[in-house]
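Step one of this worksheet: look at the structure below.
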Amino acid sequence: MQLCHQNTQITKLINDWRVQEKTVAFVPTMGGLHQGHLSLIEIAKQKADKVVVSIFVNPTQFGKNEDLDSYPRTLNVDLAVLESNVDAVFIPNVKQIYPNGISKHIDVGKIGRILCGKTRPHFFNGVAQVVEILFGIVRPNVAVFGQKDYQQLLVIKQMVKNLSLNICIESGEIIREKNNLAISTRNQYLSENEVKIATNLYKILYYIKCEILQNKKIDVLKKLAEFDLKQYFKLDYLEVLDANTLRQITDNTHQIIILSAVFLGSVRLIDNIIFKKG
Ligand code: PAF
């Protein structure tokens, strides 16, 4: 496994691979690696000859009062996990990624302003900005993202389309704990008791799915589920939408997504369930 701290190092490595006609799959991360990331790496391995993981806590996707400073930075553990699992790890610093400062503004459009984009208006612009820069440096054939951040996945697909980038975007299913809590780096912030409470998020989303499949009215279900969620959490949003467009369900909808974001104390949890319309 090659460690690259400089853009020039990773660029040279990728150029060498290109000369050898190797394809490259890329898994961008902010570190704090867990089973979810490892599942994305497994997908990456199946899609290309070489796998590159980046570890970069991107300041532009954090709001002023968010956890940029306290975000888990576990580089040594992450590298131990990645060793013998991937071909290269790119660990740039802020100067490498934003040599001219971090003021560049990208607007990802409407899809970045709904759902999580309402509560975190900076978030998707920051994600699109850093992913575009990382794509420019790594120039992968394939990039893999998790479905837990489903809106992020669609924003990135949209960006790739808008910029006509020749990169295939793959995604990996949500990986859950035994108690069905969606695995996330930020779960580290939860106490034992909060973990127990947090499991109610999936339970409630799963209940909605079962009821929709029994042809129950979505509006009624949503109201009931919002009430249930509020017993445990401060509700940010709960939506039942078309999974391809993140718009209202229509006759053309093939897949439904139930998405929610909630606060448990200061920790914001997101989760979703995708399923075929019955
Ligand atoms: O999902 C993440 O970990 C981050 O948003 C990403 C895609 C690595 C960009 O910083």
Side-chain angles (χ1 to χ4, degrees), residues 4 7 10 24-41 43-44 51-63 66-75 77-79 81-82 86 88-98 102 104-106 108 111-112 115-117 119-138 140 142-160 163 165 167-175 182-189 259 261 267-272:
C4 303
N7 297 1
I10 188 83
V24 176
F26 179 41
V27 183
T29 81
M30 299 207 298
L33 301 185
H34 51 63
Q35 288 303 321
H37 295 111
L38 295 186
S39 73
L40 303 182
I41 290 169
I43 294 171
V51 174
V52 177
V53 170
S54 65
I55 298 179
F56 177 66
V57 182
N58 172 38
T60 65
Q61 67 190 76
F62 288 80
E66 293 185 353
D67 56 343
L68 174 61
D69 292 337
S70 58
Y71 193 84
R73 287 164 173 83
T74 53
L75 187 58
V77 181
D78 291 347
L79 293 179
V81 168
L82 294 174
V86 303
V89 187
F90 179 41
I91 319 164
N93 60 24
V94 174
K95 262 242 143 92
Q96 291 286 319
I97 297 294
Y98 301 112
I102 54 175
K104 186 180 162 202
H105 182 75
I106 286 193
V108 296
I111 194 156
L115 305 169
C116 288
T119 319
R120 306 182 72 198
H122 50 277
F123 179 66
F124 292 113
N125 295 338
V127 168
Q129 180 181 29
V130 77
V131 171
E132 189 199 345
I133 293 169
L134 288 168
F135 279 178
I137 298 168
V138 177
V142 179
V144 193
F145 295 85
Q147 288 178 6
K148 175 162 177 291
D149 295 291
Y150 189 80
Q151 191 179 359
Q152 166 175 283
L153 175 66
L154 292 202
V155 164
I156 288 163
K157 282 186 178 171
Q158 181 71 54
M159 179 191 84
V160 164
L163 300 174
L165 301 178
I167 300 172
C168 175
I169 302 299
E170 297 284 345
S171 66
E173 284 178 9
I174 297 178
I175 306 296
I183 295 184
S184 158
T185 304
R186 287 187 170 101
N187 289 354
Q188 296 178 30
Y189 298 149
L259 326 92
V267 184
R268 189 168 179 277
L269 305 170
I270 57 171
D271 201 351
N272 67 69

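Just so you know, ligand 1 is whichever comes first in the structure, and atom 1 is the first atom listed for that ligand. Just so it is clear, the values below take in all heavy atoms, side chains as well, and ignore hydrogens, waters and symmetry mates. Just so it is clear, the model here is predicted, and its values are computed rather than measured.
Asn7 pairs by the side-chain hydrogen bond (donor to acceptor under 3.5 Å, both in side chains) definition with nothing, not counting sequence neighbours.
Between Phe56 and Tyr98, the ring planes lie tilted relative to each other; the angle falls in the 30° to 60° range.
With a 4.5 Å cut-off on side-chain heavy atoms, Glu66 and Phe123 do not count as touching.
Side-chain N or O atoms of Asp78 include one that pairs as donor or acceptor with a backbone N or O of Leu33 at under 3.5 Å.
With values rounded to the nearest 0.5 angstrom, Phe26 atom CZ is found 4.5 Å from Leu134 atom CG.
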Write 'none' if nothing qualifies; otherwise put on separate lines each N/O atom of ligand 1 with a protein N/O atom under 3.5 Å away and their distance to 0.1 Å.
unit_1   : atom_1 : unit_2 : atom_2 : d
ligand 1 : 1 (O)  : Gln152 : NE2    : 2.9
ligand 1 : 5 (O)  : Gln61  : NE2    : 2.9
ligand 1 : 5 (O)  : Gln152 : OE1    : 2.8
ligand 1 : 10 (O) : Gln61  : OE1    : 2.6

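Scanning both residues, Asn272 and Lys148, for their nearest heavy atoms gives ND2-O, 3.3 Å.
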